Amino acid sequence: MPELPEVETTRKGIAPHLQGRTVREVIVRQRKLRWPVPRNLNALLQNQVIEQIDRRGKYLLLRMNKGTLLIHLGMSGSLRILPSQTPVQKHDHVDIVLDNGQCLRLRDPRRFGAVLWTRGDPLQHKLLAALGPEPLSNAFDADYLWQKSRGRKLAIKAFIMDSKVVTGVGNIYANEALYLAGIHPGRAAGRIARARYAELVNAIKQVLEAAIRQGGTTLRDFTASDGKPGYFRQQLHVYEREQRPCHQCGKPLQQVVISQRASYYCRYCQR
DNA sequence: ACATTGACCTGGGAGC
DNA sequence: TGCTCCCAGGTCAATG
């Protein structure tokens, strides 16, 4: 489900409820996620103060006094702030109960998400250490992306969805950014000029920023931590719009599969 | 080093 | 109603 804008929307939603609170109890109902949830999570977290909530790519970082809880939402994960007595539903796997009677509840039907504990610098954790730059940071610019693409033969769409190249760009926003930049999603990454990478970097930043402003994209089931959907769907130009008219030229949009993922584009506006 | 594929899961919709 | 098949906001590990 969530790409960077949905994770950032979640972070903004939960942070005010968590910051400065003490963990009273952790309840784990299902340990089998993408990686096993630590057995002793309750013992690890109990009585710790949640100091700060950060995001790195699609990971949420709950920084506490003795370490950091890493949360990844996978394809179908969501986090809610609820009164801790709220009856659990199917796929509610983890509760972090706070000292004010509220709890942070993870729901994840497909269980591709992750909840991991790490001491020391969380950015050095195995899963985070190799991540590429944040797409909204200054480190992510035309020079970086162009340099990185030299000699690469894979499709540009797969290239920008590679978390080692840039982190946080998933299937929706890769499609949208390539449309805005006028680049065909199947074009080899190494055969795109530097000037076009400048367009692409701008498009990625703009589409992510706009989506964050709208609270993310709800296609099927994404909700923010308050249960509300994201409204960026109304501004999608190509994603899940095959056969519908291109917003620039009016001709029907195409759908193809690139690197096993559905890809949408305009054959006339994207080269 | 790079590119491709399979694997992990459940739910919802289409088609019969 | 119910079965089977296909698809879905991710990404790591294994394989050439």
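Note that this is a predicted model, so its numbers are computed, not measured. As a basis for the values below, the full set of heavy atoms in this structure was taken, side chains included, without hydrogen atoms, waters or symmetry mates.
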> Should the pair A:Tyr197 and A:Phe159 be assigned to parallel (<30°), tilted (30 to 60°) or perpendicular (>60°) ring geometry?
Replying inline: perpendicular

>> Any base atoms under 4.0 Å from A:Arg261, or only sugar-phosphate, or nothing? Heavy atoms, all strands.
In response: base

> To the nearest Å, how far apart are A:Ile160 CD1 and C:dG10 C1'?
Replying inline: 15 Å

> Using Watson-Crick and G-U wobble pairs with both distances under 3.5 Å, what is the 5'-to-3' dot-bracket string of DNA chain B, with [ ] for crossing pairs and | for pairs outside the strand?
Replying inline: .|||||||.|||||||

>> A:Val201: which residues meet the side-chain contact (heavy atoms from CB on, under 4.5 Å) condition with it, sequence neighbours left out?
In response: A:Phe140, A:Leu145, A:Lys205

>> Using the six-membered base ring of B:dC8, report whether A:Phe112 stacks on it, requiring centroids under 5.5 Å and planes under 30° apart.
In response: yes

> More 5' along DNA chain B: A:Arg111 or A:Leu154, using each one's nearest nucleotide?
Replying inline: A:Leu154

> Would you find more than 12 non-hydrogen atoms of other residues, nucleotides or ligands less than 6.0 Å from A:Arg267 atom CZ?
Replying inline: no

> Which heavy-atom pair separates A:His93 from A:Asp108 by the least distance, and what is that distance?
Replying inline: NE2-O, 2.8 Å

> Are a donor atom and an acceptor atom from the side chains of A:Gln255 and A:Tyr265 found within less than 3.5 Å of each other?
Replying inline: no

>> Just to be sure I understand the rule, does A:Arg220 reach a base, reach only the sugar-phosphate, or reach nothing, if contact means heavy atoms closer than 4.0 Å?
In response: base

>> Base of C:dA8, side chain of A:Arg110 - is there a donor-acceptor contact under 3.5 Å?
In response: yes

> At under 4.0 Å, does any side-chain N or O of A:Lys90 touch on OP1 or OP2 of B:dG11?
Replying inline: yes

>> Closest approach to the side chain of A:Asn171, judged atom by atom: which nucleotide of C:dA8, B:dT10, C:dG10 is it?
In response: C:dG10

> What nucleotide among B:dT10, C:dG10, B:dT4 has an atom nearest to a side-chain atom of A:Met161?
Replying inline: C:dG10

>> Nearest to the side chain of A:Tyr59, heavy atoms from C-beta on, is which of B:dG11, B:dC8, C:dC12?
In response: C:dC12

>> Is there a side-chain contact between A:Ile81 and A:Leu18 in this structure, where contact means two heavy atoms from C-beta onward sitting under 4.5 Å apart?
In response: yes

>> With a 4.0 Å cutoff (strictly under), does any side-chain N or O of A:Lys32 reach OP1 or OP2 of B:dC9?
In response: yes

> What interatomic distance, in whole Å, is found between P of B:dC9 and the corresponding atom of C:dA14?
Replying inline: 16 Å

> What's the OH-C1' distance between A:Tyr239 and C:dA8, to the nearest Å?
Replying inline: 7 Å

> Separation of A:Lys148 atom NZ from B:dA3 atom P, in whole Å?
Replying inline: 12 Å

>> Side chain of A:His72, heavy atoms from C-beta onward: which of B:dC2, C:dT11, B:dT5 has the nearest atom to it?
In response: C:dT11

>> Applying a 4.0 Å non-hydrogen cut-off, can you work out what A:Ala158 is touching in the nucleic acid: base, sugar-phosphate, or nothing?
In response: nothing

> Is A:Lys58 near enough to C:dT11 that one of its side-chain N or O atoms lies under 4.0 angstrom from OP1 or OP2?
Replying inline: yes

> How far does the P atom of C:dC7 sit from the matching atom of B:dT5, given to the nearest Å?
Replying inline: 16 Å

>> Among B:dC2, B:dG11, C:dG10, which nucleotide has an atom closest to any side-chain atom of A:Arg34?
In response: C:dG10

>> Rounding to an integer number of Å, can you tell me how far A:Leu60 CG sits from C:dG10 C1'?
In response: 14 Å

> With a 4.0 Å cut-off on heavy atoms, is A:Lys126 in touch with a base, just the backbone sugar-phosphate, or nothing at all?
Replying inline: sugar-phosphate

> Roughly, in whole Å, what's the span from OH in A:Tyr264 to P in C:dC7?
Replying inline: 10 Å

> How many Å lie between OH on A:Tyr173 and C1' on C:dG10, as a whole number?
Replying inline: 14 Å

> For the pair made of NZ in A:Lys157 and P in B:dA3, what is the distance, rounded to whole Å?
Replying inline: 16 Å

> If you check the A:Pro109 side chain, which of C:dA8, B:dG11, C:dG10 turns out closest?
Replying inline: B:dG11

> Do other residues, nucleotides or ligands put more than 12 heavy atoms under 6.0 Å from A:Arg39 CZ?
Replying inline: no

> What integer distance in Å separates A:Asp162:CG from B:dA3:C1'?
Replying inline: 11 Å

Taking distance alone, no hydrogens or angles, what donor-acceptor pairs closer than 3.5 Å link side-chain atoms of residues 42-51 of chain A to residues at least two apart or in another chain?
residue, atom, partner, partner atom, Å
A:Asn42, OD1, A:Val26, N, 2.8
A:Gln46, NE2, A:Arg24, O, 3.1
A:Gln48, OE1, A:Asn65, N, 3.4
A:Gln48, OE1, A:Lys66, N, 2.8
A:Gln48, NE2, A:Leu44, O, 2.7

>> Just by distance, no angles: are the side chains of A:Tyr173 and A:Thr217 close enough, under 3.5 Å, to form a donor-acceptor pair?
In response: yes

